[in-house]
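Inspection log for the structure reproduced underneath, given as structure tokens.
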Amino acid sequence: MPVRVVLADDQPLIRAGLVMVITDIPDVEVVGEAGNGAEAVRLVRELAPDVVVMDIRMPGMDGIEATRMITKEAGAPHVIVLTTFDDDDNVYNALRAGASGFLVKDMALDDIITAVRVVAAGDALIAPKVTRRLIEEFAARPQHPATPRPKEIQGITDRELEVLTLIGRGLSNARIAETMFISTATVKAYVTRLLAKLDARDRVHLVILAYEHGLVSPTG
């Protein structure tokens, strides 16, 4: 079955460009288009897509509130935030609301399609350079209090703490395996346990938790 996608963006040209590319791809199909967050929420309830590609800045209900409403429901689709990251200070809030990753609007369309497949398969999309920007964005917010010390994370082992730290730095499973001198399968097992123990939604959520608990910082 193809990956079923709802596109939510108030710019018709962006939606049209994505639809044009997706039309020729057999394993991905657009099942609905929305021009604002409220329409996206309605379409998700009606169509039950696998993935929502969600713009942040839209009239009426924005993408952050729509993401929050969509992801809190049972059987929710994965949400990918579509943004102009360089000038959008809401990326962190969107991820916190439940997004599984984000795309930058000037990405190649083929890369966007690949991202849709990755997220539909249950993985989170967050590249190392994006992780660093995400951390810097969060660190620049004065309203957040100082983060607690790593020892305050309860219920995980020292080895799991090390894996969480490396995830927070944006390393892939393969790179974590190389760094820790273990197999990729073992890393995957650690990630699975961390998701369960920390009640984390996905890998992006682990990155956020790693920062919030002081395991990573803008300086590394």
Side-chain angles (χ1 to χ4, degrees), residues 1-3 27-28 50-53 67 71-72 74-81 85 91-92 94-104 107 110-139 146-220:
M1 297 291 292
V3 177
D27 62 333
V28 181
D50 303 302
V51 175
V52 180
V53 178
T67 296
T71 57
K72 73 179 182 181
H78 299 283
V79 177
I80 303 176
V81 173
F85 187 72
V91 172
Y92 175 85
L95 294 175
R96 209 70 177 98
S100 293
F102 64 87
L103 306 176
V104 181
M107 287 176 64
D110 287 348
D111 291 337
I112 293 177
I113 301 305
T114 298
V116 168
R117 292 190 182 106
V118 168
V119 172
D123 201 358
L125 183 75
I126 185 162
K129 66 177 180 180
V130 168
T131 302
R132 181 61 54 210
R133 288 293 301 276
L134 175 61
I135 292 169
E136 290 173 351
E137 175 76 18
F138 183 43
T147 53
R149 300 294 299 171
K151 66 181 180 181
E152 295 183 29
I153 301 180
Q154 301 295 322
I156 67 174
T157 67
D158 290 343
R159 202 65 163 161
E160 289 166 347
L161 188 68
E162 185 177 356
V163 172
L164 180 59
T165 301
L166 296 174
I167 290 173
R169 291 175 181 167
L171 272 66
S172 65
N173 285 353
R175 287 292 310 281
I176 293 173
E178 293 174 4
T179 301
M180 297 180 65
F181 301 102
I182 57 179
S183 69
T184 302
T186 300
V187 175
K188 290 180 180 178
Y190 277 126
V191 172
T192 299
R193 289 200 293 270
L194 283 167
L195 290 170
K197 288 184 176 182
L198 299 179
D199 193 25
R201 180 180 60 252
D202 52 32
R203 197 181 188 92
V204 170
H205 197 177
L206 289 178
V207 171
I208 294 172
L209 290 173
Y211 178 79
E212 290 181 336
H213 287 83
L215 300 179
V216 290
S217 70
T219 58

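From a predicted model like this one, the values you see are computed outputs, not experimental measurements.
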Can you see which heavy atom on [X] is nearest to which on [Y], and at what distance?
X    : Y    : value
L164 : L194 : N-CD1, 3.9 Å
A210 : G168 : CB-CA, 3.8 Å
P77  : V52  : CG-CG2, 3.8 Å

Under 4.5 Å between any side-chain heavy atoms of [X] and [Y], yes or no?
X    : Y    : result
I153 : L209 : no
T165 : R169 : yes
I182 : R159 : yes
L166 : M180 : yes

Got a second to check how far [X]'s [atom1] is from [Y]'s [atom2], nearest 0.5 Å?
X    : Y    : atom1 : atom2 : result
L198 : Q154 : CG    : CD    : 11.0 Å
T186 : I176 : OG1   : CD1   : 12.0 Å
I167 : Y190 : CD1   : OH    : 12.0 Å
N173 : T184 : CG    : OG1   : 7.0 Å
E160 : R193 : CD    : CZ    : 5.0 Å

Just jot down the side-chain hydrogen bond (donor to acceptor under 3.5 Å, both in side chains) partners of R175, sequence neighbours excluded, or say none.
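Once residues adjacent in sequence are excluded, R175 has no partner under the side-chain hydrogen bond (donor to acceptor under 3.5 Å, both in side chains) criterion.
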Check whether any side-chain N or O of T71 sits under 3.5 Å from a backbone N or O of A97 as a donor-acceptor pair, and report yes or no.
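The answer is yes, because a donor-acceptor pair under 3.5 Å joins these two groups.
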